[in-house]
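What follows is a short report on a single structure.
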Number of protein chains: 2
Amino acid sequence: MVSDSSSKRLTIYDLARLAETSPSTVSAVLNGTWQRRRISKKLASKILSLAQSEGYSANMQARALRRERSGIIGMILPLYDNRYFSSIAQHFESEARRRGLFAIVSCTNRDPKQECEAARMMLAYRVECLVCTGATDPDTIAQMCAESGVQSINLDLPGSKAPSVISNNREGARQLTHAILNRLTEEKRSDDPVLFIGGRDEDHNTRERIAGFKQAREEVGLATAEENILPCDYAADKAQAALETYLRNRSTLPSAMFVNSTISLEGIVRGLQLNGYYLDDIIFGCFDWDPLAAAFHPRLMMVRQNVIEMIDRVFELIDTPPRDPQLLIEVQPEIMGV
Amino acid sequence: MVSDSSSKRLTIYDLARLAETSPSTVSAVLNGTWQRRRISKKLASKILSLAQSEGYSANMQARALRRERSGIIGMILPLYDNRYFSSIAQHFESEARRRGLFAIVSCTNRDPKQECEAARMMLAYRVECLVCTGATDPDTIAQMCAESGVQSINLDLPGSKAPSVISNNREGARQLTHAILNRLTEEKRSDDPVLFIGGRDEDHNTRERIAGFKQAREEVGLATAEENILPCDYAADKAQAALETYLRNRSTLPSAMFVNSTISLEGIVRGLQLNGYYLDDIIFGCFDWDPLAAAFHPRLMMVRQNVIEMIDRVFELIDTPPRDPQLLIEVQPEIMGV
DNA sequence: CGAGCATGCACAATCGGTTGTGCATAGCGT
DNA sequence: ACGCTATGCACAACCGATTGTGCATGCTCG
């Protein structure tokens, strides 16, 4: 290992000098096209072992520039702070790696401005494709990508200008609601009200989940009072406040709750603890999955979105871009703890 | 917006043609050096508005190649799946952004091979600095970076070949243990055994935490039996199995437990629930922080590592690289729920 | 023995910016 | 009118890889 005194990194020109050959030959050997270019096996292995021993590493910027392909695939993500988004990032990364792509992920804090800024950076780094996860404004980003000739795909929340892969929120919510109602029936409390809490009214997923919730109740002959639907935003504090307001107006605790995310669940649980309620009495269904929470509460059922399949679908769309930009793929989530 | 028919992206050469000037002038204007290069304000604003209206975006690969600076800063991370690592990634990203750097983060699943592979990729993309978080083998990576002339910094777990920023694990554990012991005293159970469980014997942080645990007990005159120290690995299953084995050999549950991470806590809680124990009787101290878990258990105290300060320290080291490669910076964590 | 082909490699253009340098022209002072 | 500086910009050489093309040399075959 000859650590170059200049501390500059080795290039194919340096290797060419060392191997007494030309840069183009070195390049051909190092990127595997040497057979096609009729480089002798002898010279090839000489160059390869030299590259190895000198610790050569190709300059990806130069390669990307010349090839007009960066080898980078981008994702924007609201946050990392729950298992759902974390595992999305993780699977995206490993799947990208498997395909020889380098994944870069940017958190945008559910802020449309940051989303745009991140998308702009990714486009500047010439990502070959951009996956837009849970974006507040996916269409703007799809538009930006289209103008740069870059493919984009929406994940988790659908858009209208690029194909989307999302969970089947309505069906997941329907099944979760049925699971809740079944528990209530087992406990002879089938007529008790169930509170739907958390999420945003404007957001596609919340609307679908509310629809699934109502549908399930209807299927067992129950009407749903609007006062029991509280899309108070996802944030823990908002959920906690909404719950406390709700409780102030009535004498009894609901026997069961459909909570729209783990972050909302955090506020709910905190609020109940602070107000001295006994948690284990309540049946929880949470449209989200967290194994630690599941371990804590014996009657907490959770919806685990099928992240692996969602990411698979995303890459299928990347491999064979659909004609229809409005294509919507729904993936079935799984109900845990039933 | 003239969407180029060729669908190729605009370059400074295109802009130069449109503005009837030279590429070098366009470049100077777009990267802000035009005053120094005595370009007239008039021409500058013409080029700027043209770039704006045509949606020009500089090719970062080309820029990086010429400038010999990628503008990229890298981080390798074991996982995203807990709040600690997630927030590390998030703060790293936003701090990098604030400094005009583009952050790329790779998950390596605590696998030394993946760590090396990720580091190699990052070096190939010519990161200007690599932050190595919770690496199983930080020194190998530090070595790779050094050979490429790239600065590297260890985070969370220390190494000997690059400066490190970690939590003060011993002091955090000492304080957490005191908090546990105080609770026990309040409840007149101060002589009950406390179980330390989770983590890896070989890992620096676990060793320090065990030391802090023992020290705190010693400070109140308690000896620590080795049978009550179970560094059974972090994984939930391992922790659950270790706990079940432990319980099989004695008649009573420990009144309190020091659990070495939320992932271990998951296994512990699950094991206790499955075996019919009443969780709320137990005092938990967990060297990790998860607000949802904290909401669930009224007697769960948690150590929240000061991620913001740790990331700040990392960037200070990047700004002014220390002479001593063995420099170790310890950041005080906070005890939550006392 | 010479045409023709295969073999093995080097040359040089190129990707899109950046930056040192040089060359006109204008303005100014004497 | 002449020299001098300041102004405003263009030229061209890079950065490090990729790739179309071309040129020797050696070998085969009629």
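Only a predicted model underlies this, so the values are computations on that prediction, with no experimental measurement involved. First the proteins, then the strands, lettered A, B, ... as listed; each starts at 1.
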To the nearest angstrom, the CG-P distance between A:Asp14 and D:dG16 comes to 8 Å
What one should report as the nearest heavy-atom pair of B:Leu130 and B:Met75 is CD1-N, 3.9 Å
If you measure only the distance, is there a donor-acceptor pair under 3.5 Å linking the side chains of A:Ser70 and B:Gln61?
-> no
The salt bridge (Lys or Arg N to Asp or Glu O under 4.0 Å) partners of B:Arg17 (sequence neighbours excluded) come to B:Asp14
Whole-Å distance, B:Arg126 CZ to D:dG16 P, equals 8 Å
Between protein and nucleic acid, restricted to nucleotides 18-22 of chain C and to nitrogen or oxygen atoms under 3.5 Å apart, what atom pairs and distances do you find?
residue: C:dT18; atom: OP1; partner: B:Arg63; partner atom: NE; Å: 2.6
residue: C:dT18; atom: OP1; partner: B:Arg63; partner atom: NH2; Å: 3.2
residue: C:dT18; atom: OP1; partner: B:Arg67; partner atom: NH2; Å: 3.4
residue: C:dT18; atom: OP2; partner: B:Ser27; partner atom: OG; Å: 2.9
residue: C:dT18; atom: OP2; partner: B:Asn31; partner atom: ND2; Å: 2.9
residue: C:dT18; atom: O2; partner: B:Arg66; partner atom: NH1; Å: 2.6
residue: C:dG20; atom: N7; partner: B:Arg37; partner atom: NH1; Å: 3.4
residue: C:dG20; atom: N7; partner: B:Arg37; partner atom: NH2; Å: 3.4
residue: C:dG20; atom: O6; partner: B:Arg37; partner atom: NH2; Å: 2.3

Donor on one side chain, acceptor on other, B:Thr133 and B:Asp156, under 3.5 Å: no
Do other residues, nucleotides or ligands put more than 12 heavy atoms under 6.0 Å from B:Arg69 CZ?
no
Self-check item: Between B:Tyr80 and A:Gln90, a side-chain donor and acceptor under 3.5 Å
Solution: no
Whichever of B:Ile39 and A:Leu65 has the more 5' nearest nucleotide on DNA chain D, that residue is B:Ile39
Rounded to whole Å, CG of A:Leu15 lies from P of C:dA10 at a distance of 13 Å
Review point. Just by distance, do the side chain of A:Glu54 and the backbone of A:Leu10 share a donor-acceptor pair under 3.5 Å?
Key: no
From CG of B:Asn59 across to P of D:dG16 the rounded distance in Å is 16 Å
A:Gln35 atom CD is separated from C:dA6 atom C1', nearest whole Å, by 16 Å
To the nearest angstrom, the CH2-P distance between B:Trp34 and D:dT7 comes to 14 Å
Under 4.0 Å between a side-chain N or O of A:Tyr125 and OP1 or OP2 of C:dG16? no
note: B:Met60, atom CE; C:dG17, atom P; distance rounded to Å ~ 10 Å
Requested in this report: Establish, for the pair A:Arg98 and A:Phe315, whether the NZ or CZ atom is under 6.0 angstrom from the six-membered ring centre and no further than 45 degrees off its axis.
Outcome: no
Q. Are any of A:Thr11's side-chain N or O atoms less than 4.0 Å away from OP1 or OP2 of D:dG16?
A. no
On a heavy-atom basis, the closest approach of A:Ala58 and A:Arg63 is CB-NH2, 3.6 Å
Rounded to whole Å, the CD-P distance (A:Glu20 to C:dA10) equals 10 Å
Per-helix bend value, the helix from C:dC1-D:dG30 to C:dT30-D:dA1, C1' rotation axes over five pairs per end, 10° rounding, shows 60°
